[in-house]
A.B. asks: 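The structure that follows is given in the form of structure tokens.
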Amino acid sequence: MAIERTLCIIKPDAVEKRKAGAILALLEENGFQVLALQRSHLTKHVAEGFYAVHKARPFFGELVTFMTRSPVVIAVLEREDAVAKYRGVMGATDPAKADAGTIRKLHGANVGENAVHGSDSLENAKNEIAYFFPASVVAPSA
Ligand code: ADP
Ligand code: MG
């Protein structure tokens, strides 16, 4: 298994509930190294660009409104098999369907306000990391 990087966004609902620290601690306990960390309040333009792949989905407007309502915490995570391992620790999109002990089961409210984002492929992880972090902060991985 290769060492990979993936992108985590702790979403507004979880930051508002002061769960960012607990979520980062859980990720560290699961073997992830936090390579870079940033707190920011996403603009509409930045959120729309990040979720451009979902533009045609009926929940797109709701998603952008949610993601811009208050600050997020964005982290670059690294470990062996990071993309798949983080999807596992994150849990299903709908917290009601997420496994016990996952971040979304522990901290998510509903299918929209589900505490965290996670990249869904290695290629998307690279693009998403580059969307938020310049190479001067996180050198591109091989
Ligand atoms: P995931 O975040 O698990 O990769 P998706 O990529 O399918 O899920 O969706 C992106 C985000 O859009 C979700 O995390 C959630 O915040 C929101 N979302 C997905 N499905 C719905 C829905 N049916 N209603 C409202 N928001 C949704
Ligand atoms: Mg997704």
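Small disclaimer: the values here were computed from a predicted structure and weren't measured. We use all heavy atoms of the structure for the numbers below, so side chains are in, but hydrogens, waters and symmetry mates are not. For ligands, and for the atoms within them, numbers begin at 1 and follow the listed sequence.
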A.B. asks: In chain order, what residues pass the ring-ring contact (aromatic ring centres under 6.0 Å, His included) check against Phe132, with sequence neighbours excluded?
C.D. replies: Phe50

A.B. asks: Using side-chain heavy atoms (C-beta onward) and a distance below 4.5 Å, is Arg104 in contact with Asp99?
C.D. replies: no

A.B. asks: Can Arg69 and Glu113 be counted as an ion pair, charged N to O under 4.0 angstrom?
C.D. replies: yes

A.B. asks: Identify all N/O pairs between ligand 1 and the protein with a separation under 3.5 Å and present them as a table of atom names and distances.
C.D. replies:
| from | atom 1 | to | atom 2 | distance (Å) |
| --- | --- | --- | --- | --- |
| ligand 1 | 2 (O) | Arg104 | NH2 | 2.9 |
| ligand 1 | 3 (O) | Arg87 | NH2 | 3.1 |
| ligand 1 | 3 (O) | Thr93 | OG1 | 2.5 |
| ligand 1 | 3 (O) | Arg104 | NH1 | 2.9 |
| ligand 1 | 4 (O) | Arg87 | NH1 | 3.0 |
| ligand 1 | 4 (O) | Arg87 | NH2 | 3.2 |
| ligand 1 | 6 (O) | His54 | NE2 | 3.0 |
| ligand 1 | 8 (O) | Thr93 | OG1 | 3.3 |
| ligand 1 | 14 (O) | Lys11 | NZ | 2.9 |
| ligand 1 | 14 (O) | Arg104 | NH2 | 3.4 |
| ligand 1 | 14 (O) | Asn114 | ND2 | 2.9 |
| ligand 1 | 16 (O) | Lys11 | NZ | 3.0 |
| ligand 1 | 16 (O) | Gly112 | O | 2.8 |

A.B. asks: Which donor-acceptor pairs under 3.5 Å do side chains of residues 86-94 form with protein atoms, sequence neighbours excluded?
C.D. replies:
| from | atom 1 | to | atom 2 | distance (Å) |
| --- | --- | --- | --- | --- |
| Tyr86 | OH | His117 | O | 2.7 |
| Arg87 | NH1 | Gly118 | O | 2.9 |
| Asp94 | OD1 | Ala96 | N | 3.0 |

A.B. asks: Taking it one step at a time, do Lys85 and Asn30 satisfy side chain to side chain donor-acceptor pair (under 3.5 Å)?
C.D. replies: CA-CA 9 Å; Lys85 286 284 190 308; Asn30 279 273; over 6 Å; no

A.B. asks: Who are the salt bridge (charged side-chain N to carboxylate O under 4.0 Å, His left out) partners of Lys17, not counting sequence neighbours?
C.D. replies: none

